[in-house]
Amino acid sequence: MLSKKINGERLWDSLMEMAKIGATDKGGVCRLALTDLDREARDLFVRWCKEAGCSIRVDKMGNIFARRKGKDDSLPPVVMGSHIDSQPTGGKFDGIYGVLAGLEVIRSLNDHNIETLAPIEATAWTNEEGSRFPPAMVASGVFAGVFDLDYGLSRADLDGKTMGEELERIGYAGSEEVGQREFKAFFEAHIEQGPILEDEEKTIGVVTDAQGQRWYEVKLTGQESHAGPTPMLSRRDALVGAAKIIDQVNRIGLDHLPSACATVGLMQVFPNSRNVIPGEVFFTIDFRHPNAETLSAMDHELREVCQKIAKDLGLTMEFEQIWYSPPVPFNKSCVDSVRKAAQNSGYSHRDIISGAGHDACYISRVAPTAMVFVPCEDGISHNEAENADPSDIAAGCDVLFQAVVEQANTP
Ligand code: GLV
Ligand code: MN
Ligand code: MN
């Protein structure tokens, strides 16, 4: 295996330069998908890739591919990447680390004058977070044929703006068809976003699987009325219904420990006035578990308790599962490449299951795929305080470098 290393300082500097785009006062990043800040970050990524000698292609979902030629350029490429968009109170590493690690691999191949048999591509997938445009991983999903193009382009934010409109507006509605081409392999480097690697003092997480997710949207409708004269016993308070459901969501999560996660993260209350009993509440539910059967049992329970609560309180309910992403086993040969690369470089490592969703989950349906995790401070992510150690960031990229070169040189 390759003994050469990537340039950790250059990777770190690029991450810090990129983190200025959308920088928040608390040291994080707010770079929502398809905003002007997303455009600015995309432009910088594209400029750096061109400076590294890559040719650039953008597809109709705004996915960016930067290509470094292979000895046999007709072979399918080995592709590395992640996402540029962030959460509203996101950090400097979630997503963008995997994108810039891909670029750093290409820069290092240039430094060391290494020609690979298959071409190499660094990619940035559009709207991985699903924060502005639900669901998550939309554009890699279109690439993998999970969603059709019309579905992807018509995803709308809370103001009704669609991904299609916003891609046009920021100049990233590309001309290339989405998907319909082969990858030899796909690798995504990412911070762990949880505490396991740090707790166990391991540098590299060899990601074998990703857990499944179900996303729901719920609208409860009761009756708005005056907070003073309306007796407690004759109210139909939609927010009380939502509160009871949230408690049950949390209980269902706790009942399926150690692996279940259950979250209500977004809520809108109408009319949101302190002396009006809330007549309508909209909220989301995020359920996760590595086992599809358990996730489905959680789903059944949720539907039952929601119906009961709405009925007991005289509320009408619209309940929709808007997204199901099943648990994902990654490709054995690619996972082995990651493990071997960690071993070869002398980095401590352990196998790990991803708690978060990643573009790699969908790409794994159409290409042999694996992921490389590195620790993040206190396991915190989706938070402006998200942080990582420069030496771990470099180590993850070294592993990516070796795994990618191995796959690209295997006929
Ligand atoms: C994406 O960040 C997710 O929600 O896992
Ligand atoms: Mn991410
Ligand atoms: Mn994220």
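Counting starts at 1 for both ligands and their atoms, in listed order.
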Contact check: His83 to the Mn ion (ligand 3), N/O/S below 2.8 Å: no
N, O or S atom of Glu129 closer to the Mn ion (ligand 2) than 2.8 Å: no
Closest approach to the Mn ion (ligand 3) by His382, given as the N, O or S atom name: NE2
Close approach of Gln87 to ligand 1, heavy atoms, under 4.0 angstrom: no
Whether Phe143 and Phe65 hold their rings parallel, tilted or perpendicular, with breakpoints at 30° and 60°: tilted
Ring geometry between Phe93 and Trp12 (parallel below 30°, tilted from 30 to 60°, perpendicular above 60°): tilted
Close-contact set for ligand 1 against Gly357 heavy atoms, below 4.0 Å: 1 (C), 3 (C), 5 (O)
His382: numbered ligand 1 atoms lying under 4.0 Å from its heavy atoms: 2 (O)
Region of Glu128 that comes within reach of ligand 1 [heavy atoms, distance under 4.0 Å]: side chain
Structural part of Ala356 in contact with ligand 1, heavy atom criterion under 4.0 angstrom: both
May I ask you to say whether [X] pairs ionically with [Y], meaning some side-chain N is under 4.0 Å from a carboxylate O?
X      : Y      : answer
Arg47  : Asp43  : no
Lys71  : Glu115 : no
Arg169 : Glu165 : no

Taking the six-membered ring of [Y] as reference, does the NZ or CZ atom of [X] fall below 6.0 Å from its centre and within a 45° cone about the axis?
X      : Y      : answer
Arg155 : Tyr151 : yes
Arg303 : Phe319 : no
Arg214 : Tyr324 : yes

Asp94, N/O/S atom nearest the Mn ion (ligand 2): OD1
For the Mn ion (ligand 2), the closest N/O/S atom belonging to His190: NE2
For atom 2 (O) of ligand 1, the protein heavy atom that lies nearest, with its residue and separation: Glu129 OE1, 2.9 Å
Identity of the nearest option to atom 3 (C) of ligand 1, non-hydrogen atoms only, from His358, Gln193, Arg288: Arg288
